[in-house]
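Source: prediction; values computed, not measured.
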Number of protein chains: 2
Amino acid sequence: MRMGRPREFDAETALDKAMEVFWRHGYEGATIAQLTDAMGINPPSLYACFGNKEGLLKAALDRYTKLRGAWMDEVVAARTARDVAERMLMGIADKQTDPANPPGCLLVQGGIACGTGSENVPFELAARRAQNEDQLRDRFVRAKAEGDLKPTSDPAALARYVSAVSVGMGVMASSGADREALRQVADVAVQAVEAQSARE
Amino acid sequence: MRMGRPREFDAETALDKAMEVFWRHGYEGATIAQLTDAMGINPPSLYACFGNKEGLLKAALDRYTKLRGAWMDEVVAARTARDVAERMLMGIADKQTDPANPPGCLLVQGGIACGTGSENVPFELAARRAQNEDQLRDRFVRAKAEGDLKPTSDPAALARYVSAVSVGMGVMASSGADREALRQVADVAVQAVEAQSARE
DNA sequence: CCATATATGTAGTGTTCACTACAGATGTGG
DNA sequence: CCACATCTGTAGTGAACACTACATATATGG
């Protein structure tokens with residue numbers, strides 16, 4: 001039973017718009033004016049709802065990872081470690097060049113290096129990337145236990161590798177690489193996971 | 001025979017300092033105050049010598065790529081495509097975690113996404129990364145011609161792949177990954193190139 | 001219908017930013 | 001020794017930034 005005047009905008013819709021601005025310009029490159037403009041609200045509404053610029057970023061990151069969480073679940077549901085890597089990297093090649101979104105990945109575009117006062121933004125993004133990596137690692141641990149990966153393989157290293165390739169592809173996408181170019185990278189990258197798979 | 005009062009600072013030494021600031025904070029995150037402070041000069045000296053902030057960045061990038069050019073020449077001098085990839089990625093694992101420099105790679109940390117007015121900074125960085133990729137591609141073309149790589153292999157895709165892994169490792173380094181973690185990634189990554197190598 | 005609580009729009013706030021005017025300093029060319 | 005060209009330090013410039021005071025609007029609780 002909330003009191004007072006009700007909010008006139010939908011927070012999630014507004015977050016989607018904010019997400020896109022951060023995605024395209026990065027945390028420091030995005031201005032409050034651009035954000036409020038895209039969200040269709042005025043600064044006081046933004047601050048009342050999200051606290052400050054960094055709070056808005058975190059809310060956008062939460063929404064981003066939530067939206068991608070479902071997809072990541074599909075990825076790790078693949079039958080083998082090799083298929084997980086392929087589904088992940090091919091999917092990323094498509095997603096990062098989807099014209100419906102800015103190119104690349106918000107968890108990279110958001111801000112890799114930041115100035116004084118925003119030092120924890122890069123860490124915030126890194127923490128979210130680490131979540132994906134952990135999910136991959138757990139999947140590869142299982143693959144090793146199932147005999148799908150070689151007994152000598154290192155699931156954590158494999159997960160870190162797939163994560164690194166994803167990030168690299170994201171940077172390439174943001175600087176103009178097209179879908180076909182990214183798919184070729186994914187295709188090569190999968191072969192390293194294949195090399196760690198048990199013979200059949 | 002230059003006229004007027006001579007410059008009191010060494011441009012290359014100052015550039016090294018500026019390079020480090022851009023490397024650590026990114027183009028937008030670096031302030032003129034931080035730059036002049038690190039360079040040991042005052043703003044008018046900076047602007048007289050480098051034009052503006054973006055000019056300073058370009059000069060720093062020139063110096064960075066020049067310093068790394070020698071190393072890249074060593075990389076492509078390796079005997080096989082596989083050795084090129086290994087030397088490149090292992091070297092990057094070391095360089096990006098060298099405590100003498102900020103973590104990661106200037107060509108990534110410099111700025112992946114930028115705000116209005118600095119839109120061409122990301123492209124500037126991408127162009128420098130593309131130079132390395134081209135050098136790798138040429139080397140892999142040769143490797144294919146020499147029968148070192150399979151006749152079905154795609155040298156351009158391989159070069160793009162190695163470049164993507166390098167970038168991904170750089171981002172990881174900047175968010176705290178240590179040398180051993182990066183070496184593990186490099187180790188896995190090399191296996192994809194190995195898979196494209198002709199049997200012996 | 002009134003007191004209260006929250007949202008909104010206008011119009012700012014102080015701060016920090018990249019950049020520069022200007023005066024004095026220090027060299028070269030004649 | 002004198003014009004001149006360039007550098008240097010001080011001290012700013014206007015613009016853009018994140019953020020907010022305040023009056024007004026719109027809901028709920030009694």
How does protein reach along nucleotides 3-9 of chain C, written 5' to 3' as B (base within reach of a heavy atom under 4.0 Å), S (only sugar-phosphate), or - (no contact)?
-BBBBSB
Nucleic acid contacts of residues 113-123 of chain B, taken as heavy-atom distances under 4.0 Å to DNA chain C
none
Where along residues 13-35 of chain B does a heavy atom come under 4.0 Å from DNA chain C, residue by residue in number order?
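Only B:Ala30, B:Thr31, B:Ile32 qualify.
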Given the rule in the side-chain contact (heavy atoms from CB on, under 4.5 Å) test, do A:Met88 and A:Ser166 qualify, once you have shown the distances and angles that lead to the verdict?
CA-CA 8 Å; A:Met88 168 105 179; A:Ser166 305; 3.5 Å; yes
Measure the distance from [atom1] on [X] to [atom2] on [N] and round it to the nearest whole Å.
{"X": "B:Asn52", "N": "C:dC17", "atom1": "CG", "atom2": "C1'", "result": "14 Å"}
{"X": "A:Glu54", "N": "D:dC19", "atom1": "CD", "atom2": "C1'", "result": "14 Å"}
{"X": "A:Tyr47", "N": "D:dA21", "atom1": "OH", "atom2": "C1'", "result": "14 Å"}
{"X": "A:Phe50", "N": "D:dT20", "atom1": "CZ", "atom2": "P", "result": "16 Å"}

Run the salt-bridge test on [X] and [Y] with the 4.0 Å N-O cut-off and return the result as yes or no.
{"X": "A:Lys95", "Y": "A:Asp98", "answer": "no"}
{"X": "A:Glu12", "Y": "A:Arg63", "answer": "yes"}
{"X": "B:Arg183", "Y": "B:Asp94", "answer": "yes"}

Might you point out which heavy atoms bring B:Arg79 and B:Arg139 nearest each other, and give the distance in Å?
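In terms of heavy atoms, the two residues are closest at O-NH2, 3.2 Å.
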Is it the case that atom NZ in A:Lys150 sees more than 12 heavy atoms from other parts of the structure closer than 6.0 Å?
yes
Determine, stepwise, if the pair B:Tyr27 / B:Glu54 fulfils side-chain contact (heavy atoms from CB on, under 4.5 Å).
CA-CA 8 Å; B:Tyr27 176 74; B:Glu54 197 167 329; 3.6 Å; yes
So A:Tyr161 and A:Val193, side-chain contact (heavy atoms from CB on, under 4.5 Å) or not? Walk me through it.
CA-CA 9 Å; A:Tyr161 162 75; A:Val193 180; 4.2 Å; yes
Applying side-chain contact (heavy atoms from CB on, under 4.5 Å), run through A:Val108 and A:Ser174 and close with a yes or a no.
CA-CA 10 Å; A:Val108 175; A:Ser174 76; over 6 Å; no
Axial cation check for B:Phe9 ring with B:Arg7, 6.0 Å and 45° limits:
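The answer is yes, since B:Arg7 meets both limits relative to B:Phe9.
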